[in-house]
Structures are given as structure tokens and as C-alpha cells.
> 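Before anything else, here's the structure in question.
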Amino acid sequence: MSPDHVPHGLKEHVREPDGATGGHALAQRISTDPDTVERDLIKLVLTIVELLRQLMERTAVHRVDQGDLDEEEEERVGMTLMILEERMEELCARYGLTMDDLNLDLGPLGSLLPRDPGGPLGR
């Protein structure tokens with residue numbers, strides 16, 4: 001990709017290895033392989049679903065600890081969360097991902113999902 005084909009807003013931010021502005025570095029960072037794009041999109045969607053699942057689980061545990069749920073509600077919430085966890089594992093297996101693959105590295109902030117040895121990522 002030549003510098004002339006880089007969108008105007010990106011041209012000044014794309015640098016060649018020697019420091020010159022150009023599109024070669026952009027082409028190296030953006031993979032256009034359809035198989036990779038599909039897998040990365042699935043990985044992103046599953047990461048968001050796993051984050052929400054863990055938040056729902058923590059909320060449910062908090063509500064149980066506070067006594068906000070009766071036994072029937074506790075049972076229903078527990079079963080729903082177990083089924084959702086099973087479906088997540090099935091989807092990860094279907095697309096060749098592990099639960100650790102879903103844990104995004106946020107740099108200095110650490111990882112997106114907690115690495116709890118007894119939790120869903122500790123397997």
C-alpha cells in the first residue's frame with residue numbers, strides 16, 4: 001500500500017520502520033485475511049459476553065449474600081448462570097478458543113477478566 005492510498009486522517013500517524021510516513025506499516029498492522037477477521041470478531045463478541053456473564057454472576061452472589069433472593073430465585077439464577085457458562089465453553093471450543101484467549105491485556109491496567117484460580121478463567 002503506497003502512502004497515497006492511506007486515508008488522509010491516518011497518513012500523519014503511520015510511520016515506516018525508518019520513521020518516514022507511509023502505508024507499509026499500516027498494512028503490517030491490519031490483517032485483511034477473512035478467516036482472521038471472522039475469528040477476531042467472534043473473539044471480541046465472546047469476550048464481551050464473558051465479561052457480562054461474570055458481572056451477572058457477581059451480582060447474583062452479592063444478592064444471595066444480602067438475602068435478596070428466595071430459594072427458588074437462587075436456584076433459577078444458579079441454573080441460568082451454569083447454562084450460560086456451558087454455552088460459552090461450547091462456543092469457545094467451536095471456534096478454537098480458550099477462556100484465556102478471551103482475556104484482553106489492558107497494558108498497565110492488567111487483564112480485562114479476573115484470573116481467579118477458582119473462577120471461570122482458572123481452568
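Computed from a prediction, not measured in an experiment: that's the story for all the values here.
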> Counting C-beta onward and ignoring hydrogens, is there a side-chain heavy-atom pair between Asp70 and Glu73 closer than 4.5 Å?
yes
> Find the distance between CG (Leu97) and CZ (Arg39) and round it off to the nearest 0.5 Å.
4.5 Å
> Quickly, which of Asp40, Leu44, Leu46, Val45 forms a side chain to side chain contact (heavy atoms under 4.5 Å, CB included) with Ile42? Name it, please.
Leu46
> Could you tell me whether Arg94 and Glu90 make a salt bridge, using a distance below 4.0 angstrom between a side-chain N and a carboxylate O?
no
> To the closest 0.5 Å, what do you measure between CG (Leu102) and SG (Cys92)?
4.5 Å
> To the nearest 0.5 Å, what is the distance between CD on Gln54 and CG on Leu81?
11.0 Å
> How many angstroms lie between atom CD of Glu50 and atom CG of Leu55, to the nearest 0.5 angstrom?
9.5 Å
> CD/Glu89 to CZ/Arg87 distance, rounded to the nearest 0.5 angstrom?
11.0 Å
> Identify the heavy atoms of Leu84 and Met56 that sit nearest to each other, and give their distance.
CD2-CE, 4.0 Å
> Could you tell me whether the side chain of Asn103 and the main chain of Asp100 form a donor-acceptor pair under 3.5 Å?
no
> Could you check whether atom CD of Glu38 has more than 12 heavy atoms from other residues, nucleotides or ligands sitting under 6.0 Å from it?
no
> What's the separation between atom CG in Leu52 and atom CE in Met88, rounded to the nearest 0.5 Å?
9.5 Å
